[in-house]
Colleague: 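Dropping a structure here in structure tokens format, bear with me for questions.
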Amino acid sequence: MNIFAWTYIIVTFTFILYIGIAIWARAKSTGEFYIAGKGVNPVLNGMATAADWMSAASFISMAGIISFSGYDGSVYLLGWTGGYVLLALLLAPYLRKFGKYTVPDFVGDRYYSQTARVVAVLCAIFISFTYVSGQMRGVGIVFSRFLDVSIDVGVIIGMLIVFFYAVMGGMKGITYTQVAQYCVLIFAFMVPAIFISLLITGNPIPQLGFGSETLNGGYLLDKLDGLNSQLGFAPYTDGSKSTLDVFFITAALMVGTAGLPHVIVRFYTVKKVSSARISAGWALLFIAILYTTAPAVAAFSRFNLIETVSEAEYDKVPKWFKTWEETKLIKFEDKNGDGKIQYTGPKSEIENELTIDKDIMVLANPEIANLPNWVVGLIAAGGLAAALSTAAGLLLVISTSVAHDLFKKGWKKDLSEKKELLIARIAAGFAVIIAGHFGMNPPGFVAEVVAFAFGFAAASFFPIIIMGIFSKRINKEGAIAGMISGIGITAAYIIFFKFLFPELNSTENWLWGISPEGFGTVGMVVNFIVAITVSKFTPAPPEEVGEMVEKIRIPVGAGESHEINA
């Protein structure tokens, strides 16, 4: 069978599986819709968390960035994995012990303020929409290549699927769907990686093949350094970013991870605080399988790409090149008219004729390596699983923020559970439509957009959650001022360089040489400083708030959750 047939069969099967699980596990109460009734097994919750966490950015885009950026791409590996450890150890158990549904719920009660709750809701929605636009873009890319439709049509198909199981199933349906999606995405990522590692190095373990000699002699990374240098690119294992920018990007991704509302809410779905810790450990293990393989996939795809297309005659390029060219994600422009593809870097004297979208490398990798058609169909299903699992979690955060934090806890406190559930589903529906729009008109490639979301989370939520848990003195005035100033300065910096004046987006124009992707760290520092300063010059929190902080922090009876109401 051809690639289209295999892709159609595998993707259709997985979609039927996801929808079937959503129907079986549909939410019947707000508790099931928001936090799956707190009844999820820690191992299954670890798998669901891993799927929720490993988005299209992890599956599709991260290896693509490393493939083109080499050493500089390691900031994504360091930041995202380190951030999950930070979240698991420093925040998750305490927030689970607090026992509320959402991050805005924590902010509203800990800072005894409806205004603080609303600001947190707006931050959560802003972060989630930024993040979800990257996921929907990933869905569109997969569909456009493998099911022969436009990217926009692919986004619409993805919207319909997510709408069905997110709106019907809520967190309960999403959780069990994400367990299935993790199995699909990790199998889809590892199978081609193992195949290609065998073909290039003879080693079936990609993580070892990454540092091995190729079958033709010479170490893979040494050969990549040489190929890159010959073509005018920086050596693959050298970094071009400044140490300061690497630090700031890594820190923004780390603390942004710890402040992401759709990941934090996963720890509310287990029965006990101890189960939250256990599920965090399992999730880290499940995540590590993909994250330790990604650098190998990046190196393999880069090596195969250069060997395949550099100096190749355009009329004789493999079929995969022409197929991807139809998606407009690869573009060849024969500038010197010799009929050959000149793929060169900025240091080359020959002008580059090939433009490649970073987001296609993982998806095109099996085709470049000439793997069986069923493997190509499998990678498509894996990419969709990664994008849809995270999109569903983000849409749930948006719907929960609207229904629970704005309506139930704010505008209409006497709202019945049935009406609250209806509002949550309606909000999820509207969120799907808006997410689809951003997927069709993304502000950048997938991982770049996701990095912005992490910067916003770092600048808004992380400081307020940390100080809310470990400080009794931070008050509502400080929290509100900190969140607004942190996310405000970060958003202004990103918008200035990425949208208003993209021609100025270069190292010499950045403040202290810090890129927009890393500026969330500055926003975080501003948040801390503003919150602490404002709190010192305004009244201390009420005494019961201090007692609440003690109950969250001190592990007395930590085996059970304590519902705390301010």
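In what follows, residues are counted from 1 in the order of the sequence shown.
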Colleague: Hey, is the main chain of I487 close enough, under 3.5 Å, to the side chain of N527 for a donor-acceptor pair?
Modeller: no

Colleague: Examine F286 together with Y291 and report whether their ring centres are nearer than 6.0 Å.
Modeller: no

Colleague: Is there side-chain contact between I474 and Y111, with at least one heavy-atom pair below 4.5 Å?
Modeller: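 The answer is yes, as the side chains (C-beta and beyond) meet within the 4.5 Å cut-off.
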
Colleague: Can you check side-chain contact (heavy atoms from CB on, under 4.5 Å) on S113 and I480, steps first, answer last?
Modeller: CA-CA 9 Å; S113 167; I480 293 168; 3.9 Å; yes

Colleague: Mind checking what makes side chain to side chain contact (heavy atoms under 4.5 Å, CB included) contact with L511, not counting sequence neighbours?
Modeller: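 Checked L511 against side chain to side chain contact (heavy atoms under 4.5 Å, CB included); matches are Y493, F519.
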
Colleague: Can you name the ring pair (Phe, Tyr, Trp, His ring centres under 6.0 Å) partners of F248, sequence neighbours left out?
Modeller: none

Colleague: Any idea which heavy atoms bring P104 and A120 closest together, and the distance?
Modeller: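 Answer, listing the atom of P104 first, then A120: CA-CB, 3.8 Å.
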
Colleague: Looking only at heavy atoms, what is the nearest atom pair of G209 and L220, with distance?
Modeller: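 Shortest heavy-atom separation between G209 and L220 comes out as O-CD2, 4.2 Å.
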
Colleague: Answer yes or no: is there an ion pair linking R117 with D105, defined by an N-O contact shorter than 4.0 Å?
Modeller: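 Yes, this pair counts.
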
Colleague: Any heavy-atom pair between the side chains of I200 and F303 that's under 4.5 Å?
Modeller: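 Heavy-atom side-chain distance check passes, below 4.5 Å.
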
Colleague: Please check if any side-chain donor atom of W512 sits under 3.5 Å from a side-chain acceptor atom of D245, or the reverse.
Modeller: no

Colleague: State the OH-CD1 distance between Y182 and I186, to the nearest 0.5 angstrom.
Modeller: 4.0 Å

Colleague: When you look at L504 and W510, which way does the side-chain contact (heavy atoms from CB on, under 4.5 Å) test go after all the steps?
Modeller: CA-CA 8 Å; L504 299 177; W510 294 338; over 6 Å; no

Colleague: Between M361 and S67, what is the shortest heavy-atom contact and its length?
Modeller: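 Residues M361 and S67, closest heavy atoms: CE-OG, 3.9 Å.
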
Colleague: More than 12 foreign heavy atoms under 6.0 Å from CD of E508: is that the case here?
Modeller: yes

Colleague: Would you please name every residue forming a salt bridge (charged side-chain N to carboxylate O under 4.0 Å, His left out) with K223, sequence neighbours left out?
Modeller: none

Colleague: Roughly how far, to the nearest 0.5 Å, is the OG1 atom of T237 from the CG atom of D225?
Modeller: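 Interatomic distance, D225 CG to T237 OG1, rounded to 0.5 Å: 3.5 Å.
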
Colleague: Quick one: are P541 and R473 in side-chain contact, heavy atoms under 4.5 Å?
Modeller: yes

Colleague: Output the distance between atom NZ (K498) and atom CD1 (I495), rounded to the nearest 0.5 Å.
Modeller: 13.0 Å

Colleague: Taking L77's backbone N and O only, do any of them form a donor-acceptor pair with S74's side chain (distance below 3.5 Å, no angle check)?
Modeller: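 No; judged by distance alone, with no hydrogens or angles, the pair does not exist.
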
Colleague: side-chain contact (heavy atoms from CB on, under 4.5 Å) with N365: which of L305, I360, I196, I379?
Modeller: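 Exactly one option meets the side-chain contact (heavy atoms from CB on, under 4.5 Å) with N365, and it is I196.
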
Colleague: Would you mind checking if R302 and E307 are paired as a salt bridge, meaning a charged N to carboxylate O distance below 4.0 Å?
Modeller: no

Colleague: Show, in sequence, the C-alpha distance, side-chain angles and deciding distance for V107 and M483, and conclude whether the side-chain contact (heavy atoms from CB on, under 4.5 Å) test is met.
Modeller: CA-CA 11 Å; V107 171; M483 282 189 289; 4.0 Å; yes

Colleague: Taking only residues two or more places apart in sequence, or in another chain, which ones meet S310 in a side chain to side chain contact (heavy atoms under 4.5 Å, CB included)?
Modeller: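 Checked S310 against side chain to side chain contact (heavy atoms under 4.5 Å, CB included); matches are L231, I306.
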
Colleague: Hey, does E353 have a side-chain heavy atom less than 4.5 Å from the side chain of K331?
Modeller: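 Counting from C-beta outward, K331 and E353 never come under 4.5 Å.
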
Colleague: So does Y71 have more than 12 non-hydrogen atoms from other groups sitting under 6.0 Å from OH?
Modeller: no

Colleague: I'd like to check the ring pair (Phe, Tyr, Trp, His ring centres under 6.0 Å) partners of Y236; sequence neighbours left out, ordered by chain and number.
Modeller: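 None.
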
Colleague: How close do G64 and V362 get, heavy atom to heavy atom, and via which atoms?
Modeller: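 For G64 and V362, the tightest heavy-atom pair comes out as N-CG2, 4.5 Å.
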
Colleague: Sort out for me which residue in I368, I330, L354 forms a side-chain contact (heavy atoms from CB on, under 4.5 Å) with V309.
Modeller: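 One option only clears the test, and that one is L354.
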
Colleague: Taking T538 for its side chain and E477 for its backbone only, find out whether a donor-acceptor pair lies under 3.5 Å.
Modeller: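 No, T538 side chain to E477 backbone: no donor-acceptor pair under 3.5 Å.
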
Colleague: Please name all residues satisfying side chain to side chain contact (heavy atoms under 4.5 Å, CB included) with T533, sequence neighbours left out, ordered by chain then number.
Modeller: I529, F537

Colleague: Taking the side chain from N228 and the backbone from A234, do they hold a donor-acceptor pair closer than 3.5 Å?
Modeller: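 Answer holds: yes.
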
Colleague: If only atom types and distance count, is the side chain of T344 paired as donor or acceptor with the main-chain N or O of N352 below 3.5 Å?
Modeller: yes

Colleague: F497 versus S506: any side-chain heavy-atom pair under 4.5 Å?
Modeller: no

Colleague: So how far is it from I484 CD1 to C123 SG, rounded to the nearest 0.5 Å?
Modeller: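 Rounded to the nearest 0.5 Å, the CD1-SG separation comes to 8.0 Å.
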
Colleague: Do T490 and M524 come close enough that some side-chain heavy atom pair is under 4.5 Å?
Modeller: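 Side-chain contact under 4.5 Å: no.
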
Colleague: Who pairs with S348 by side-chain hydrogen bond (donor to acceptor under 3.5 Å, both in side chains), at least two apart in sequence or on another chain?
Modeller: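 Testing S348 for side-chain hydrogen bond (donor to acceptor under 3.5 Å, both in side chains), a comparison that skips the adjacent residues, returns none.
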
Colleague: Using a 4.5 Å cut-off on heavy atoms from C-beta on, say whether the side chain of F454 contacts that of M254.
Modeller: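 No; the side chains remain at least 4.5 Å from each other.
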
Colleague: Kindly indicate whether the side chain of F189, heavy atoms from C-beta on, has any atom under 4.5 Å from the side chain of V297.
Modeller: yes

Colleague: Taking all non-hydrogen atoms of both residues into account, name the closest pair between I127 and S460 and its distance.
Modeller: CD1-OG, 3.5 Å

Colleague: For T292, give me all partners under side-chain hydrogen bond (donor to acceptor under 3.5 Å, both in side chains), at least two apart in sequence or on another chain.
Modeller: Q207

Colleague: Just jot down the side-chain hydrogen bond (donor to acceptor under 3.5 Å, both in side chains) partners of Q342, sequence neighbours excluded, or say none.
Modeller: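 D338.
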
Colleague: Where do I356 and F68 land on the side-chain contact (heavy atoms from CB on, under 4.5 Å) test, with the steps shown first?
Modeller: CA-CA 10 Å; I356 307 171; F68 284 88; 3.7 Å; yes

Colleague: Would you find more than 12 non-hydrogen atoms of other residues, nucleotides or ligands less than 6.0 Å from F470 atom CZ?
Modeller: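 Atom CZ in F470 is crowded, with more than 12 foreign heavy atoms closer than 6.0 Å.
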
Colleague: Mind checking side chain to side chain contact (heavy atoms under 4.5 Å, CB included) for V75 and listing every partner two or more places apart, or none if nothing turns up?
Modeller: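 In terms of side chain to side chain contact (heavy atoms under 4.5 Å, CB included), with neighbours along the sequence ignored, V75 is linked to V246, I249, T250.
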
Colleague: Could you state the interatomic distance from CG (L227) to CZ (F233), rounded to the nearest 0.5 Å?
Modeller: 11.0 Å

Colleague: Who passes side-chain hydrogen bond (donor to acceptor under 3.5 Å, both in side chains) against N304, sequence neighbours left out?
Modeller: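 If we apply the side-chain hydrogen bond (donor to acceptor under 3.5 Å, both in side chains) test to N304, skipping adjacent residues, there are no hits.
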
Colleague: Looking at F332, I want to see if its CZ is surrounded by more than 12 non-hydrogen atoms of other residues, nucleotides or ligands under 6.0 Å.
Modeller: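 Yes, CZ of F332 has more than 12 neighbouring heavy atoms, counting only those of other groups under 6.0 Å.
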
Colleague: Working to the nearest 0.5 angstrom, can you tell me the gap between L185 CG and L290 CG?
Modeller: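 Reported value, rounded in 0.5 Å steps: 7.0 Å.
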
Colleague: Might you point out which heavy atoms bring A458 and A252 nearest each other, and give the distance in Å?
Modeller: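 Here A458 and A252 meet closest at CB-O, 3.7 Å.
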
Colleague: Among all residues two or more places apart in sequence or in another chain, which pass the ring pair (Phe, Tyr, Trp, His ring centres under 6.0 Å) test with F456?
Modeller: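 For F456, the residues satisfying ring pair (Phe, Tyr, Trp, His ring centres under 6.0 Å) (neighbours in sequence not counted) are F126.
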
